[in-house]
Amino acid sequence: ELEAARAIERIGRTMKMSARSVIEPFLTHPSPLLRAASMKVLALHWRLRDYTERVLWSLASDQEADCRRAAALCLGSLYEGTKDLEIGRDLAATLARETEEEDVRWASYYALLDLDGRSRAGRPLPFDLFHAELRADPGIVARYAARR
């Protein structure tokens, strides 16, 4: 699995989009390592918005934290600077899940900052537990939090 994930990542670095059909089937592979690697190539590096629905599903439903973390980062890359409210709501919902893994919450917050077009300078570092009330810019979280 590790060798296959590295191969997917090498293909991604070549930027040969003709390999898309080779990488795409790994999005639903039983191995979380391969699911995350393929998602990162297709959505994070190549920024192919065709995979938005799959990435959103992974953020909300994948059983593996590594895949949910990759999905958050992918959304930040795919929608950087767009201030897309729907994507922002999904990221903010991940921040609000108290049972969510810390690294997924941090990745979701960074993705929310990317989505909002915020500078990468001065961002909090993920050394501590993620507490939205302590670590997150309340204005950004409120902007994208679901209003029901």
Side-chain angles (χ1 to χ4, degrees), residues 1-13 19-20 22-138 140-146 148:
E1 286 181 18
L2 188 55
E3 286 182 33
R6 287 182 180 148
I8 291 169
E9 291 168 5
R10 280 193 302 276
I11 291 170
R13 284 192 300 273
R20 180 178 177 173
V22 174
I23 295 171
E24 189 174 87
F26 290 102
L27 288 170
T28 57
H29 196 277
S31 165
L33 187 63
L34 299 180
R35 287 195 309 274
S38 60
M39 190 174 8
K40 285 188 272 187
V41 167
L42 295 168
L44 181 71
H45 301 305
W46 291 358
R47 294 183 174 207
L48 298 173
R49 286 193 181 174
D50 302 1
Y51 299 100
T52 297
E53 289 303 315
R54 177 62 194 183
V55 172
L56 287 168
W57 178 89
S58 292
L59 180 66
S61 304
D62 200 295
Q63 296 300 309
E64 294 294 325
D66 288 343
C67 292
R68 294 191 307 276
R69 182 182 62 247
L73 296 172
C74 287
L75 290 171
S77 178
L78 284 172
Y79 291 90
E80 186 174 6
T82 65
K83 299 184 181 193
D84 186 291
L85 290 176
E86 288 183 44
I87 300 299
R89 282 188 193 108
D90 287 314
L91 291 166
T94 304
L95 289 177
R97 282 197 303 254
E98 295 196 15
T99 59
E100 186 57 80
E101 300 286 332
E102 293 299 319
D103 58 339
V104 176
R105 293 176 86 192
W106 276 108
S108 296
Y109 182 58
Y110 288 163
L112 203 56
L113 293 172
D114 289 340
L115 178 85
D116 203 61
R118 297 293 176 100
S119 168
R120 292 202 165 107
R123 290 186 181 185
L125 297 176
F127 293 128
D128 298 318
L129 295 178
F130 184 86
H131 295 289
E133 62 279 357
L134 299 174
R135 301 285 181 190
D137 177 328
I140 289 178
V141 175
R143 180 176 306 129
Y144 296 105
R148 298 195 197 269

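FYI, the numbering just counts along the sequence from 1. Both backbone and side-chain heavy atoms feed into the values below; hydrogens, waters and symmetry mates do not.
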Can you find a pair of side-chain heavy atoms, one from [X] and one from [Y], that are under 4.5 Å apart?
X	Y	answer
K40	L73	no
V41	R20	no
E100	R68	yes

Is the ring pair W106/Y110 parallel, tilted or perpendicular, if the boundaries are 30 and 60 degrees? tilted
First locate atom [atom1] of [X], then atom [atom2] of [Y], and finally report the distance between them rounded to the nearest 0.5 Å.
X	Y	atom1	atom2	result
L75	E86	CG	CD	12.0 Å
R13	H45	CZ	NE2	8.0 Å
I87	L115	CD1	CG	7.5 Å
D66	M39	CG	CE	10.0 Å
I8	R6	CD1	CZ	12.5 Å
D103	R69	CG	CZ	4.5 Å

When you measure from the side chain of [X] to the backbone of [Y], do you find a donor-acceptor pair of N or O atoms at a distance under 3.5 Å?
X	Y	result
D62	E64	yes
Y109	D137	yes
R105	L95	yes

Please find the pair of heavy atoms, one from [X] and one from [Y], that lie closest to each other, and give the distance.
X	Y	answer
T82	R49	CG2-NH2, 3.5 Å
A36	A70	CB-CB, 4.2 Å
L34	A4	CD2-CB, 3.6 Å
V55	C74	CG1-CB, 3.9 Å
I11	A19	CG2-CB, 3.4 Å

Say whether Y79 and T52, considering side chains only, have a donor N or O and an acceptor N or O under 3.5 Å apart. yes
Has E9 got more than 12 heavy atoms of other residues, nucleotides or ligands less than 6.0 Å from its CD? yes
Walk me through whether D90 and Y144 qualify under side-chain hydrogen bond (donor to acceptor under 3.5 Å, both in side chains). CA-CA 8 Å; D90 287 314; Y144 296 105; over 6 Å; no
Could you go through the side-chain contact (heavy atoms from CB on, under 4.5 Å) check for R35 and S58 one step at a time? CA-CA 9 Å; R35 287 195 309 274; S58 292; over 6 Å; no
In sequence, state the C-alpha distance, the side-chain angles, and the governing distance for S108 and L59, and then conclude on side-chain contact (heavy atoms from CB on, under 4.5 Å). CA-CA 9 Å; S108 296; L59 180 66; 4.1 Å; yes
